[in-house]
Amino acid sequence: MNQNKTQLTEEEIKLFGDLMPEELAAIVHSGLNRRHFMKLVGLASAGLLASHLIGAEQLFARAIDMEIEDLPEVAIENGVTVNFKVNASSKKVLIDSRSTLLDTLRERLGLTGSKKGCDHGQCGACTVIVDGNRVLSCLTLAATCEGKSVITIEGLAKDNELNPMQAAFLKHDGFQCGFCTPGQICSAVALMKEAKDGQASYITQDIRANKSSILLSDDEIAERMSGNICRCGAYPNIVAAINEAQTGKDVEQNWLFAG
């Protein structure tokens, strides 16, 4: 039995038992794989998860440890094996030495949360966290991540609990179409570490103060998040979400449900 299999909660077992009974035994014994997960996504698209909201939310809140499929040798030129941690799980994958981190995450590891927007490092949709620092994964060669730790949007939730930044984005409606949201949230999480470490930005008033921690104003947050583009224009809500996540204080919502 696979010792690293995904441990299902009672709600998740009920979800698979009701909607995918033919797969339940294999899932419990060997864990989830890409086929199971994609089938569940199809059921979600068909609107069949309404009666299993708790199990579905738990499942989608955390990363699924997919098996890495080997590519035929003819498909790999200048192959290099990369060993690194992705969302706290050790990975070993043979890739083309020219492969970007974004393509490796999406196409080889099945972590499609990080989005390919411009593919030129200009929109920020592909932002992930490498060794605590935010990087544009579309401009980062996967081979340079040897021995490093990579965190994607799928790895932020812990034990079925959303990261405080994710919860703040939900509260303040910091997304609309959602395409840029994974990059926005990863960038915001890393931004918190930058502020805690006292890193200055372009508009920091006194860069010689060498503060150990910076309490970010709305203008500072906007400046530091300027590399993440939201075509829907949810910027005020994003700033409010980051403000609440950093201070830990309740920030009043600046939007209301219609009616």
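Not measured: the values here are computed from a predicted model. We count residues from 1, following the sequence as given.
- Other residues, nucleotides and ligands place more than 12 heavy atoms under 6.0 Å from the CD atom of Glu22.
- Atom OG1 of Thr152 sits about 11.0 Å away from atom CZ of Arg106, to the nearest 0.5 Å.
- Side-chain atoms of Lys115 come within 3.5 Å of backbone atoms of Gly113 as a donor-acceptor pair (strictly under, hydrogens ignored).
- The backbone N or O of Asn163 sits less than 3.5 Å from a side-chain atom of Gln166, completing a donor-acceptor pair.
- Val86 and Val80 fall within the same hydrophobic cluster, where Ile, Leu, Val, Met, Phe, Trp and Tyr residues are linked whenever their side-chain heavy atoms come under 4.5 Å apart, directly or through other members.
- No donor-acceptor pair closer than 3.5 Å links the side chain of Glu194 to the backbone N or O of Gln199.
- Interatomic distance, Arg231 CZ to Phe179 CZ, rounded to the nearest 0.5 Å: 9.5 Å.
- The closest side-chain heavy-atom distance from Cys232 to Cys177 is below 4.5 Å.
- Gln184 places no side-chain N or O within donor-acceptor distance of the main-chain N or O of Ile238, the cut-off being under 3.5 Å.
- Counting heavy atoms from C-beta outward, Leu216 and Leu191 have side chains that approach closer than 4.5 Å.
- Under the 3.5 Å distance criterion, with hydrogens and angles disregarded, no donor-acceptor pair is assigned to the side chains of Asp131 and Ser149.
- The shortest non-hydrogen separation linking Asn228 to Gly124 is ND2-O, 3.1 Å.
- Formation of a donor-acceptor pair under 3.5 Å by the Ser137 side chain with backbone atoms of Cys126 is found in this model.
- To the nearest 0.5 Å, the span separating CD on Glu154 from SG on Cys186 amounts to 8.0 Å.
- The structure places CD1 of Ile153 at 10.5 Å from OG1 of Thr127, a figure rounded to the nearest 0.5 Å.
- The closest donor-acceptor contact from the side chain of Asn78 to the backbone of Asp96 lies at 3.5 Å or more, if one exists at all.
- Taking the side chain as every heavy atom from C-beta outward, Thr144 and Leu141 approach each other to under 4.5 Å.
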Step-by-step side-chain contact (heavy atoms from CB on, under 4.5 Å) determination, Gln122 to Ile229: CA-CA 8 Å; Gln122 297 177 347; Ile229 306 301; over 6 Å; no

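- Taking the side chain as every heavy atom from C-beta outward, Val135 and Ile129 never approach each other to under 4.5 Å.
- Atom CZ of Arg224 and atom CD1 of Ile242 lie 11.0 Å apart (nearest 0.5 Å).
- Separating the OG atom in Ser114 from the CG atom in Leu109 is a distance of 10.5 Å, to the nearest 0.5 Å.
- The side-chain contact (heavy atoms from CB on, under 4.5 Å) test applied to Asn133 returns Lys193, not counting sequence neighbours.
- Ala143 and Ser97 get closest at one heavy-atom pair: CB-O, 4.4 Å.
- Asp218 and Asn243 form a side-chain donor-acceptor contact under 3.5 Å, judged by distance and modelled atom types alone.
- None of Ile151, Thr140, Val150 except one satisfies the side-chain contact (heavy atoms from CB on, under 4.5 Å) rule with Val130; the exception is Val150.
- For Lys171 and Glu244, the salt-bridge test passes: some basic side-chain N is under 4.0 Å from an acidic carboxylate O.
- Side-chain heavy atoms closer than 4.5 Å link hydrophobic residues (I, L, V, M, F, W, Y) into clusters, and following such links, even through other members, never connects Phe169 to Tyr235.
- Annotation: side chain of Val128 is not in contact with side chain of Arg134 (no heavy-atom distance under 4.5 Å).
- Take Thr100 and apply the side-chain contact (heavy atoms from CB on, under 4.5 Å) test, not counting sequence neighbours, and it matches Leu102, Asp103.
- Residues Met192 and Met165 are in side-chain contact: their nearest non-hydrogen atoms beyond the backbone lie under 4.5 Å apart.
- Scanning all heavy atoms of the two residues, the minimum distance from Ser201 to Glu223 falls at OG-CG, 4.0 Å.
- Residues passing the side-chain contact (heavy atoms from CB on, under 4.5 Å) test with Thr81 are Asn83, Lys92, Leu94, sequence neighbours excluded.
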